[in-house]
Amino acid sequence: MRVRPLFHPSIEDITVEGILYALSDPVRVAIYADIATQECTQNCSIFLTVSDKAIPRSTLSQHFKILRENGLIRGERHGVEMRNTSRCAEIEGHFPGLLRAILQAHMIQSAAARAKKPAAARAPKRVAKKI
């Protein structure tokens, strides 16, 4: 059985529009933020839960494909595993500050969402009155 090679665009073919599209989905930006902040490669399977949500493998594969085809990650097959690394350094040279600004905004937004969550969980439940 022959496996298709993975497509990775050259740095010259990566566009701001492609980056913004790839990171416009909350799951993809969370995945990318995690990969970008790690020093080592990340297996796809560790992302089966993202932001406390279960992600089906088929959906996860599609998210990784979009990140890869828009130049944000480099994927390598190792047996049945797919290992992913960020292309931050390459992109930083081509679009200085772009990814740093996006990831900073994502961190701020995520922190605000986490801060709101416990307050909502503590809100008193309404009890229906019997008439």
- Run the salt-bridge test on Arg74 and Glu76 with the 4.0 Å N-O cut-off and return the result as yes or no. no
- Any donor-acceptor N/O pair, Ser110 side chain to His106 backbone, under 3.5 Å: yes
- Item | Linked, directly or transitively: Ile31 and Leu98 (ILVMFWY side chains, under 4.5 Å) | yes
- Would Leu6 and Arg68 satisfy side-chain contact (heavy atoms from CB on, under 4.5 Å), going step by step from the backbone distance to the final call? CA-CA 9 Å; Leu6 299 172; Arg68 187 179 62 251; 3.8 Å; yes
- Correct closest heavy-atom pair for Ala36 and Leu103 would be CB-CD1, 3.8 Å
- Query: Pairs in or reaching into residues 22-31: which pass side-chain hydrogen bond (donor to acceptor under 3.5 Å, both in side chains), with residues at least two apart or in two chains?
  - Reply: Arg28-His63
- Query: Between the side chain of His8 and the main-chain N/O of Gly71, is any donor-acceptor distance below 3.5 Å?
  - Reply: no
- Query: Can you find a pair of side-chain heavy atoms, one from Thr85 and one from Gln38, that are under 4.5 Å apart?
  - Reply: no
- Task: Working to the nearest 0.5 Å, report the span between CD of Glu12 and CD of Glu90.
- Result: 9.5 Å
- Message: Using 0.5 Å steps for rounding, measure from the CD1 atom of Ile73 to the SG atom of Cys88.
- Response: 11.0 Å
- Message: Just to verify, what does Arg100 make a side chain to side chain donor-acceptor pair (under 3.5 Å) with, not counting sequence neighbours?
- Response: Glu92
- Could you state whether Leu99 and Leu20 fall into the same hydrophobic cluster, counting links through intermediate Ile, Leu, Val, Met, Phe, Trp or Tyr residues with side-chain heavy atoms under 4.5 angstrom apart? yes
- Which atom names give the shortest non-hydrogen contact between Phe64 and Ile35, and what distance separates them? CE2-CD1, 3.7 Å
- Task: Give a yes or no on whether Val16 and Tyr21 share a hydrophobic cluster (residues Ile, Leu, Val, Met, Phe, Trp, Tyr; joining criterion: side-chain heavy atoms under 4.5 Å apart).
- Result: no
- Query: Considering all heavy atoms of both residues, which atom of Leu72 and which atom of Tyr32 are nearest to each other, and what is their separation?
  - Reply: O-CE1, 3.2 Å
- Message: Does any part of the side chain of Ile19, heavy atoms only, come nearer than 4.5 Å to the side chain of Ile102, both counted from C-beta?
- Response: yes
- Task: Apply salt bridge (charged side-chain N to carboxylate O under 4.0 Å, His left out) to Glu69 and list each qualifying residue two or more places apart in sequence or on a separate chain.
- Result: none
- Query: How long is the gap from NZ on Lys65 to CG on Leu60, to the nearest 0.5 Å?
  - Reply: 14.0 Å
- Query: Asn70 versus Leu23: any side-chain heavy-atom pair under 4.5 Å?
  - Reply: no
- Task: Using atom types as modelled and distance alone, determine if a side-chain donor or acceptor of Asp13 lies under 3.5 Å from a backbone N or O of Pro9.
- Result: no
